[in-house]
2 protein chains.
Amino acid sequence: MKNSRDPDFPDSFNWGQFLPALAIDCVIFGYSEDGLKILILGYKNTSFFSLPGGFIRKKEAIDDAAKRILEERTGLNDIYLNQFYAFGNLERSDPEPMKMIMENNGFTPSNDHWLLQRFVSLGYFALVNYKRVKPRPGFLSDSCRWYGIHELPELIFDHAKMVEQALKILRRDVYSKRIGKNLLFEMFTMGELQKLYESILDEKLHRTGFHRKMMRSGLLKRLGKKKTGGAHRSPYLYSFRSDKPKHTIS
Amino acid sequence: MKNSRDPDFPDSFNWGQFLPALAIDCVIFGYSEDGLKILILGYKNTSFFSLPGGFIRKKEAIDDAAKRILEERTGLNDIYLNQFYAFGNLERSDPEPMKMIMENNGFTPSNDHWLLQRFVSLGYFALVNYKRVKPRPGFLSDSCRWYGIHELPELIFDHAKMVEQALKILRRDVYSKRIGKNLLFEMFTMGELQKLYESILDEKLHRTGFHRKMMRSGLLKRLGKKKTGGAHRSPYLYSFRSDKPKHTIS
DNA sequence: CCAAAAGTGTTAAGCATACACCCATGA
DNA sequence: TCATGGGTGTATGCTTAACACTTTTGG
């Protein structure tokens, strides 16, 4: 198996610097008024789409690798990260899509090319502020853009399962971790927070019940000021208390 | 790095058959009247202890590898398995303990020996019936026995953290998954079930509240028969309904 | 008949749900 | 002043916790 530098690739594709057989894939969630979104890569000269992913350097912690991969695609480096599952069955290792991607872009990889080996992939999900992200395609991808959670294109490998699993865990933890802190701006109204929750949980929530539940949870603090310029009554602004550590893995 | 067969090791230690850099470690929970226990390996001619672990074959799904490793140490093959976290920081990769284990048993590994490389380890936990297990030490280990959850020896690498994390997740899920089915025999009394839960959660539970909570959960069914020979009033026997799949990963 | 374990009844507290009502604001 | 979004009060039902009571069994 070719384990050294691939002469036609940029330097970051010097495969020998990475742990073999182990990859990272990221489900990057963002939120705007029209709902929850995921950042998806589209590959050049093909109709393949995938989650942003990458590899782990030989002297790099896996969490640091995930952070680096996220920064490469979003430009952000203070990101809420959650490692949620390791995907490693045999069916997921289908070399065909990657082979076709390489061939359609001028490479003719041998069957034992490093990129075509079997990978076990560590799934991370990230919560980022949609507006702060500058999506950046990678070397073989020519698009990197947001897709609504219900309008995802077909994804290669088992990436659809990864999205499903990440969503499941996001929904499980939405009331116990300060999910909103990472998807909204610093200050927000209760209505904005409720719309976020409805988008994550994919269901309508009762306004008053939600209001009290969030206040009772103790995660929020109400700021004295009110928002100006709204169409009707000025709502209070809220923010998350910063008692707990900012980045919580697991 | 030596990647082929190590002449002094048995055939199962033909390192080339495994994925490099990736390991599996298992927190195997068992339960007897005196509490929750974990199966721990002790290494020959040293005072090192570790969780049972192993490696993944190149054409083997990670869940299958975990099952195989469990079967090697317990003799059981129908085991409740839960992959709970991937451990991959740099501090966990300390070659010294393994080097000393090998040296104290007649091997003189070079510094780039396969076993001394950096590993990312997938943590699985298993729930097994304590009485059905026949613990089997491995090649370098001469003991394989149960330790009470509060009497664990010091463990190598980050295995203590793995135990802690596994316990945390076991506790989180104890009321929503049919944990007891895998740690008790087919039929049990409510009192036995309560003692198990108290042992897992490490706290006393209210008898009547526990009774009703378990019955309302719908996971249990009451069997008509009663136990005979008990010292006092004959309790009902209960068992878990078998609606849900037996092995639930995640 | 008493002690101990097991099952059930009762009450109070806590939380979610649902609805009603009031407040503030711009059109 | 009215429509609308936002905040709070109140009634109902469900879950949990705590305690009392009854049932069953062996000594």
Side-chain angles (χ1 to χ4, degrees), chain A residues 32-35 171-177 179-180 184-241, chain B residues 33-34 171-177 179-180 184-241:
Chain A
S32 76
E33 301 75 31
D34 49 326
R171 285 172 181 157
R172 187 191 68 192
D173 294 343
V174 79
Y175 285 116
S176 58
K177 301 190 178 175
I179 301 293
L184 298 172
F185 285 100
E186 187 59 25
M187 297 185 293
F188 44 86
T189 66
M190 197 57 85
E192 287 164 353
L193 188 65
Q194 183 177 346
K195 282 212 179 85
L196 168 64
Y197 272 67
E198 289 176 343
S199 178
I200 289 174
L201 296 171
D202 204 18
E203 61 180 356
K204 283 271 162 241
L205 299 174
H206 268 265
R207 187 177 63 89
T208 59
F210 179 77
H211 186 286
R212 265 184 281 241
K213 185 169 182 166
M214 294 310 293
M215 288 314 283
R216 200 170 20 222
S217 78
L219 298 176
L220 295 182
K221 65 165 175 263
R222 174 184 281 175
L223 306 176
K225 9 176 186 169
K226 303 186 178 194
K227 204 176 188 180
T228 94
H232 305 293
R233 173 178 180 176
S234 304
Y236 286 101
L237 286 171
Y238 301 85
S239 71
F240 283 89
R241 304 188 114 77
Chain B
E33 301 75 32
D34 48 325
R171 286 172 180 155
R172 188 191 67 194
D173 293 343
V174 77
Y175 286 116
S176 59
K177 301 190 178 176
I179 301 292
L184 297 172
F185 285 101
E186 187 59 25
M187 298 185 293
F188 45 86
T189 67
M190 197 56 87
E192 288 164 352
L193 188 66
Q194 183 178 345
K195 283 213 179 84
L196 168 64
Y197 273 66
E198 289 177 343
S199 179
I200 290 173
L201 296 171
D202 204 18
E203 61 180 356
K204 283 273 160 239
L205 299 174
H206 265 266
R207 189 178 62 89
T208 59
F210 179 78
H211 186 286
R212 264 182 282 242
K213 184 170 183 167
M214 294 311 295
M215 290 312 284
R216 200 169 22 222
S217 79
L219 297 176
L220 295 182
K221 64 166 175 262
R222 174 184 281 175
L223 307 175
K225 7 176 189 171
K226 302 185 177 194
K227 204 176 187 180
T228 95
H232 306 294
R233 174 178 178 176
S234 304
Y236 286 100
L237 287 171
Y238 300 84
S239 72
F240 282 90
R241 304 188 113 80

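Lettering follows sequence order; numbering is per chain, from 1.
The CZ-P distance, from B:R222 to C:dG7, rounds to 6 Å in whole Å. Rounded to whole Å, atom P of D:dA18 lies 11 Å from atom CG of B:L205. Put simply, CZ on B:F210 is 15 Å from P on D:dA18, counting in whole angstrom units. Between A:K213 atom NZ and C:dG14 atom C1' there is a gap of 14 Å when expressed in whole angstrom units. At whole-Å resolution of the value, OH in A:Y236 and P in C:dC23 are 13 Å apart. If you take NZ of B:K204 and C1' of D:dT16, they are 19 Å apart, rounded to a whole angstrom. Atoms CE (A:M215) and P (D:dG7) sit 9 Å apart, rounded to a whole Å. The distance from atom CD of A:E192 to atom C1' of D:dG5 is 12 Å, rounded to the nearest whole Å.
For B:P235, counting side-chain heavy atoms from C-beta on, the closest listed nucleotide (D:dG6, C:dA6, C:dT8) is C:dA6. When distances are taken from the side chain of B:T208 to each of D:dA20, D:dT25, C:dA20, the shortest belongs to D:dA20. Checking D:dT25, C:dA20, C:dT8 against the side-chain heavy atoms of B:H211 singles out C:dT8 as nearest.
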request  = Go through the steps for B:Y197 and B:M214 under the test side-chain contact (heavy atoms from CB on, under 4.5 Å), then give the verdict.
outcome  = CA-CA 11 Å; B:Y197 273 66; B:M214 294 311 295; 3.6 Å; yes

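No contact: A:F188 has no heavy atom under 4.0 Å from any strand. If you check every strand for non-hydrogen atoms under 4.0 Å, B:Y238 touches sugar and phosphate atoms only.
Rounding to the nearest 0.5 Å gives a distance of 9.0 Å between NE2 of A:H211 and OH of A:Y236. Atom CZ of B:R171 sits about 12.5 Å away from atom CD1 of B:I179, to the nearest 0.5 Å.
Judged purely by atom type and a 3.5 angstrom limit, A:R241 uses its side chain to pair as donor or acceptor with the backbone of A:L220. With B:Y238 contributing its side chain and B:M215 its backbone, the two residues share no donor-acceptor pair below 3.5 Å.
Positionally, the nearest nucleotide of DNA chain D for A:R212 lies more toward the 5' end than for the other of A:R212 and B:H206.
A donor-acceptor contact under 3.5 angstrom links the side-chain atoms of A:R207 to the base of D:dG7.
Side-chain N/O atoms of B:S234 include none lying less than 4.0 angstrom from OP1 or OP2 on D:dT24.
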